[in-house]
Undergrad: 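Can you read through this structure? Questions will come right after.
Quick note on labels: first sequence line is chain A, next is B, and so on, each numbered from 1. Hydrogens, waters and symmetry mates play no part in the numbers below; they use all other heavy atoms, side chains included.
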There are 2 protein chains.
Amino acid sequence: MSQDQKPNTENALAMGRRKFMNTAALASLTGLVACNNKSGASASAEASGSASATAHSAADVTHLKPGELDTYYGLWSGGHNGDMRVLGLPSGREIHRIPCFVPDALVGWGITNESKKVMGTRPDGSLKYNVADTHHTHASYKDGNYDGRYAWINDKINSRVARIRLDYFICDKITDLPNVQGFHGIFPDKADPVDEKINYTTRVFCGGEFSIPLPNAGIEDGSKYRSLFTCVDAESMEVRWQVLIDGNCDLVATSYDGKLAATNQYNTEMGVHYEDMMSAERDACLFFNVARIEAAVKAGKFKTIGDSKVPVVDGTHEANKDPKTALTAYVSVPKNPHGVNASPDAKYFICAGKLSPTATVIELAKVLDWFDGKLEKIDDAIVAEVELGLGPLHTAFDGRGNAYTTLFLDSQVVKWNVDAAIKFHKGDKNAKYVVDRLDVQYQPGHLNASQSETRAADGKYLAVGCKFSKDRFLPVGPLHPENEQFIDISGEKMVLLADHPVRGEPHDFIIFKRDLLRPKQVYNLDDFPLAVKDPKESGVFRNGKKVTVKLTSQAPAFSMREFKLKKGDEVTLILTNLDKIEDLTHGIAIPKYNVQFVVNPLETASVNFVADKPGVFWLYCTNFCHALHLEMRTRMIVEG
Amino acid sequence: MSQDQKPNTENALAMGRRKFMNTAALASLTGLVACNNKSGASASAEASGSASATAHSAADVTHLKPGELDTYYGLWSGGHNGDMRVLGLPSGREIHRIPCFVPDALVGWGITNESKKVMGTRPDGSLKYNVADTHHTHASYKDGNYDGRYAWINDKINSRVARIRLDYFICDKITDLPNVQGFHGIFPDKADPVDEKINYTTRVFCGGEFSIPLPNAGIEDGSKYRSLFTCVDAESMEVRWQVLIDGNCDLVATSYDGKLAATNQYNTEMGVHYEDMMSAERDACLFFNVARIEAAVKAGKFKTIGDSKVPVVDGTHEANKDPKTALTAYVSVPKNPHGVNASPDAKYFICAGKLSPTATVIELAKVLDWFDGKLEKIDDAIVAEVELGLGPLHTAFDGRGNAYTTLFLDSQVVKWNVDAAIKFHKGDKNAKYVVDRLDVQYQPGHLNASQSETRAADGKYLAVGCKFSKDRFLPVGPLHPENEQFIDISGEKMVLLADHPVRGEPHDFIIFKRDLLRPKQVYNLDDFPLAVKDPKESGVFRNGKKVTVKLTSQAPAFSMREFKLKKGDEVTLILTNLDKIEDLTHGIAIPKYNVQFVVNPLETASVNFVADKPGVFWLYCTNFCHALHLEMRTRMIVEG
């Protein structure tokens, strides 16, 4: 039975009836989301409770005076937008979108040769993929806090991992994960498991969610399918190794000492139909012993799969029965857990039950004890398993010992104290672990707190990505925005501050103090091999049908007023922006030739096209640059 | 000499020195933007003046309590994002993005067959264009106010006009303008010029900015280039007629009586180099007599150009010397004007000077008098030409007789009284037409007020799209966001309320009361010819290599758990979302097959692909729909 300071009779009853829901009970959940269709606008006053009483102060917290800067950055995964979003907080303003997996018409991502090289192309030069589905983004660490070097983000559809440089806020590398389908969770390590001097990120761990034949062939028998857990090198972005596992991978967490990575598993049954996927009452949190895996790889104890040369070690139950040599450890967690999060005190990983109303607290020291042969049963590493409410998904932390877990079905965030939960689990039924509950609108998935998964968790703000907005915003047709809500967690009670509409899907994100980043605002001319460093280098350089057009921009003019091509020319147009003043970006568009891209201060970009249409084409600047911006053009004359 | 209640000595001097700037003076403007690099954060307190004093009330105005709805819609052109944005105001929250000209990975725009049909494809089935540059959006009128049927938006790069249905907030038609390059301004008419019963929009006018050879061939001699003004039918979206003109078209305005459309011309010189484009001291506002043009078309007085069958009438000076038969009238306006806006009292069109510090007020009744032979000189329709400041661009209205004009070079919005300006122009030097000035950050382009260009202009809010943000937001690398600022204009003094970062380029937009729209939140199943109306209709239907896969979605499952294909099959996958509850959108992704799209409640969409990769592929739902969303999959087995 759940203990609850602000009990909701119906939920309490429901939880009492089914400690862990069984399959039959779940069938009745179908449509539950749809039925919970309370009117947002009218329900908000009652639902928000304490929040509406403090609406005035909420305005003061989140409304920045014009010109005032936000104090936190947020890096947000863009869902099936396929990009990364950069927010300023507490205002919630979206300051930037960083294209990575999918084309972006504004900057010309997927149009320029430079971006196509990062994205990957087919033999005919077209993009390999135009779609993506990003879920999780996490940044590089040093000393247990973000160091402002990189962030990584996943593409679930095509099993790709992208790296974002946090100096220029651009994607510089994309890596395909071999033999992985449904790449979901991602997390960088925080230290090396062996070398104590390496107290920063050097690996990125990636969880494969969907089991498939390895190598992939059209096999119907699902019992032959398996999943892989992948380690990518943070610097080279090469795949270092993979682990063949039982069950699947959902989210990923890493320990502060670098020794452990883990993934929650919602389909230990390895079912291919959804009722099979939830037939077991307990699934797992699967731990990886990083040092042992790398020793095994070094010792040649691996195989490879299909065309891939990546070493794959065996992390299945069968091969890892002896704790003292095991590469992996499967800790059981109730029913289809979703989410695994590392507490900022470095002690615990917490898994939420999703189809169980519980959170499971696993003590990392005990997991290491098991690997050392000092703990009899791996499940003895579980130090708490407490009821929180219906549909628990993800957990954030305030650095004061409290955890915040989203309850998807209850449409709540529950604040609970980890130490109290451990006491309660040990038998102290007077230990009040639930501290507060806040209704959110509606069906929350991910949440995160400022600095939550760092040693510097500061317990100031919490954001929560609600999967349904219903009528929280002006209607805009059938495709609703989702609702990202912003919450003050600095006090005992959570206070809802603001609703922010967001294009789907609101997945994972991180929030951190602004002084952790030192972005650069102007590029270095020398970083671009094709740079046209002086307007005098401009011109049309012909080698038979191969033509290179070199152009520079300086407000309000391009370096050439006009240039001539012949029909059929195979053209490479190179544009360097010689304006070196911050914020003085130019763009260039070629009508009918499907070209548009921007060049930021001292950036160089290039495009290839065939001059297949004769006529006069006005190339014009698309990024407002000057009072004479409209007049900033160059004339391309293609002779027929 | 300008009159100014809050004089800025330097500007006043500058204006005195050059009533109309000449070419030599302009040369010194190069780099002016770059040099005006004051620090945003530190400058804001002094710059905002009255605003910072009222920051507390600004928070109360713009911060909505969680669950509270905005009171105004904003439709925003997306710049070189190529889409349309839907905002809620006064919060400034972006509620929706409507893809039209460019692909959108989230909804699958450019991926589904249905969206590709709207966007246009090449013979090989790939998209004709992936880039666009939208500048202006305006909505359909009835009785001088928005009627909530449609909005239109331009693509400058490829000369396309898109229509947005405001019931479903989707793009349903895109039309290519023949023989037009650099399609810039766009405005629907507000009534029929002849039939008084038609008191609503039936035409959309489109201005061609770049002069080219007609038909387009690689001719170097710019004196042979011309521009066209185009009329598109609001319902059929067919091009009705075009007008061959002297000079070029920039923005477009229409009169409330339907009789007149106009475009400002910044390049009456028809120069091909930018110094030629600004050699004349006066350019023009070009008026079109809609009824006479349509009578000419009906009478067969037109030609056609190249392959286009669109009738083109002659609107050049030479052919329109006699006012009584003229189709067009060229009113002179100082130096490279930018922007033409219709006052809500239906009396005036106002052009800003851009390279002249003036605004020119043209009285429409007098333009009609000229067409009737009652006004001797067309320039006698000018009833005011007053100095406002440096770089005037666009004008909005409050319905109380005041106009608000952006000053690009001064980085200000100037509020001025139109009647007082007319008095001043007539000789009353005591008429104080400048009412207020507000510094904005920085270099403002478009601005618009709530309901500004309707008879219901309510003078409550003003938004202004600043082209440079410099350091108004947390740094995010070389590509800065632009800064859309939100201003309270309900009082005598303007009050700056908030800064909103926005991806470039902040162009034109409209703001109107929320009760003017009645969006639909669920589709009609019968509107989709391919709809799979019952899960029982699902299946794989084979006709040789042509295979149709019919699928439905109902949370948390697709209608088929798995289906089989053979390598090489040419597949059409049709998905109908049978969930009919508002906000219950599903998505579907096919790993490695470059497919992702969403289906909203009762929507049907389809994609074509060749099953060229054997293996097992988990098609999964990308739009969070249910507690068992992660388990919502179907298995596609492609046999090798």
Undergrad: Count the heavy-atom pairs under 4.5 Å between each of B/Leu64, B/Val638, B/Asn130, B/Ile170 and chain A, then report the option with the highest count.
TA: B/Asn130
Undergrad: Looking only at heavy atoms and a cut-off of under 4.5 Å, which of B/Leu166, B/Asn623, B/Ile590 has the most pairs with chain A?
TA: B/Asn623
Undergrad: Can you say whether B/Pro519 sits under 4.5 Å from chain A via the side chain, the backbone, both, or neither, judging by heavy atoms?
TA: side chain
Undergrad: With a 4.5 angstrom heavy-atom cut-off, is it the side chain or the backbone of A/Ala217 that approaches chain B, or both, or neither?
TA: backbone
Undergrad: Taking every non-hydrogen pair under 4.5 Å, which of B/Glu562, B/His500, B/Gln485 racks up the most with chain A?
TA: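 Highest number of heavy-atom pairs under 4.5 Å: B/Glu562.
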Undergrad: Using non-hydrogen atoms only, which part of A/Arg165 is less than 4.5 Å away from chain B: side chain, backbone, both, or neither?
TA: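 A/Arg165 has no heavy atom closer than 4.5 Å to chain B.
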Undergrad: Could you check whether any side-chain N or O of B/His63 sits under 3.5 Å from a backbone N or O of A/Leu497, counting only pairs where one atom can act as donor and the other as acceptor?
TA: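 Yes, the answer is positive, given that a donor and an acceptor are paired below the 3.5 Å cut-off.
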Undergrad: Should A/Asp583 and B/Ser469 count as side-chain neighbours, where that means a heavy-atom distance under 4.5 Å?
TA: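 Side chain of A/Asp583 against side chain of B/Ser469, heavy atoms only: contact under 4.5 Å found.
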Undergrad: Heavy-atom pairs under 4.5 Å with chain B: which of A/His96, A/Lys520, A/Met632, A/His273 has the most?
TA: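 Most pairs with chain B among the choices: A/His273.
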Undergrad: If I measure from the heavy atoms of chain A, does B/Asp579 come under 4.5 Å with its side chain, its backbone, both, or neither?
TA: neither
Undergrad: Does any N or O in the side chain of B/Asn216 come within less than 3.5 Å of the main-chain N or O of A/Val616, such that one atom is a donor and the other an acceptor?
TA: yes
Undergrad: For A/His629, is it the side chain, the backbone, both or neither that has a heavy atom under 4.5 Å from a heavy atom of chain B?
TA: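 When you check distances to chain B, no heavy atom of A/His629 falls under 4.5 Å.
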Undergrad: Determine whether A/Asn267 and B/Glu631 satisfy the following criterion, side-chain hydrogen bond (donor to acceptor under 3.5 Å, both in side chains), listing intermediate values before the conclusion.
TA: CA-CA 9 Å; A/Asn267 185 16; B/Glu631 289 82 352; over 6 Å; no
Undergrad: Compute the centroid of each ring, for A/Tyr523 and then for A/Tyr168, and state whether the two points are separated by less than 6.0 Å.
TA: yes
Undergrad: Quick check on A/Val102 against chain B: is it the side chain, the backbone, both or neither that has a heavy atom closer than 4.5 Å?
TA: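 Side chain of A/Val102 only, per the 4.5 Å heavy-atom cut-off to chain B.
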Undergrad: Of the backbone (N, CA, C, O) and the side chain (C-beta and beyond), which part of A/Ile637 lies under 4.5 Å from a heavy atom of chain B, both, or neither?
TA: side chain
Undergrad: Do A/Tyr225 side-chain atoms and A/Ile219 backbone N/O form a donor-acceptor pair below 3.5 Å?
TA: yes
Undergrad: Let me know if B/Ile98 has heavy atoms under 4.5 Å from chain A in its side chain, its backbone, both or neither.
TA: neither
Undergrad: Looking only at heavy atoms and a cut-off of under 4.5 Å, which of B/Lys613, B/Arg514, B/Lys156, B/Arg518 has the most pairs with chain A?
TA: B/Lys156
Undergrad: Is the side chain of B/His480 donor-acceptor paired with the backbone N or O of B/Lys470 at a distance under 3.5 Å, no angle test?
TA: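 Such a contact is found between B/His480 side chain and B/Lys470 backbone.
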Undergrad: Under 4.5 Å heavy-atom distance to chain B, tell me which part of A/Val598 shows up: side chain, backbone, both or neither.
TA: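 When you check distances to chain B, only side chain atoms of A/Val598 fall under 4.5 Å.
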Undergrad: Relative to chain A, which segment of B/Val476 carries a heavy atom at a distance below 4.5 Å: side chain, backbone, both, or neither?
TA: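 Both parts, heavy atoms under 4.5 Å.
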Undergrad: Side chain, backbone, both or neither: which part of A/Tyr620 has a non-hydrogen atom closer than 4.5 Å to chain B?
TA: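 It is the side chain, since no backbone atom gets that close.
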Undergrad: Side chain, backbone, both or neither: which part of A/Phe617 has a heavy atom under 4.5 Å from chain B?
TA: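 When you check distances to chain B, atoms from both the backbone and side chain of A/Phe617 fall under 4.5 Å.
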Undergrad: Looking at every heavy atom in both A/Asn594 and B/Tyr129, which two are closest together, and how far apart are they?
TA: OD1-CA, 3.2 Å
Undergrad: Under a 4.5 Å heavy-atom cut-off, does chain B meet the side chain of A/Leu602, its backbone, both or neither?
TA: neither
Undergrad: Contact between A/Arg93 and A/Asp70 at the side-chain level, heavy atoms closer than 4.5 Å - yes or no?
TA: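 When only atoms from C-beta onward are counted, A/Asp70 and A/Arg93 do touch, with a gap below 4.5 Å.
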Undergrad: Looking only at side chains, do A/Thr622 and B/Asp133 share a donor and an acceptor under 3.5 Å apart?
TA: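 Short answer, no.
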Undergrad: Which bit of A/Asn81 comes within less than 4.5 Å of chain B, counting heavy atoms only: side chain, backbone, both or neither?
TA: both
Undergrad: Of the backbone (N, CA, C, O) and the side chain (C-beta and beyond), which part of A/Pro614 lies under 4.5 Å from a heavy atom of chain B, both, or neither?
TA: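 For A/Pro614, the backbone is the part near chain B, not the side chain.
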Undergrad: Which residues pass the side-chain hydrogen bond (donor to acceptor under 3.5 Å, both in side chains) test with A/His184, not counting sequence neighbours?
TA: A/His135, A/Glu209, A/Asp250
Undergrad: Does A/Val502 offer a backbone N or O that forms a donor-acceptor pair with the side chain of B/Glu94 under 3.5 Å?
TA: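 A pair under 3.5 Å: no.
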Undergrad: Counting only non-hydrogen atoms closer than 4.5 Å, does A/Arg635 touch chain B with its backbone (N, CA, C, O), its side chain (CB onward), both, or neither?
TA: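 It is the side chain, since no backbone atom gets that close.
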Undergrad: I'd like to know if the side chain of B/Lys467 reaches the main chain of B/Pro506, judged simply by a donor and an acceptor atom lying under 3.5 Å from each other, with no hydrogens or angles considered.
TA: yes
Undergrad: What residue, out of B/Glu639, B/Lys128, B/Arg561, has the most heavy-atom pairs lying under 4.5 Å from chain A?
TA: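 With the most close heavy-atom pairs to chain A, the winner is B/Arg561.
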Undergrad: Measure A/Asp104 against the heavy atoms of chain B and call it side chain, backbone, both or neither at under 4.5 Å.
TA: side chain
Undergrad: Could you tell me which portion of B/Arg503 (side chain, backbone, both or neither) has an atom closer than 4.5 angstrom to a non-hydrogen atom of chain A?
TA: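 Both parts, heavy atoms under 4.5 Å.
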Undergrad: At a 4.5 Å cut-off on heavy atoms, which part of A/Thr62 comes close to chain B: side chain, backbone, both, or neither?
TA: side chain
Undergrad: By side-chain hydrogen bond (donor to acceptor under 3.5 Å, both in side chains), which residues pair with A/Lys564, not counting sequence neighbours?
TA: B/Glu220
Undergrad: Top residue by heavy-atom pair count (under 4.5 Å) with chain A, among B/Ile95, B/Asp167, B/Ile212?
TA: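 Looking at each of B/Ile95, B/Asp167, B/Ile212 in turn, B/Ile95 comes out on top.
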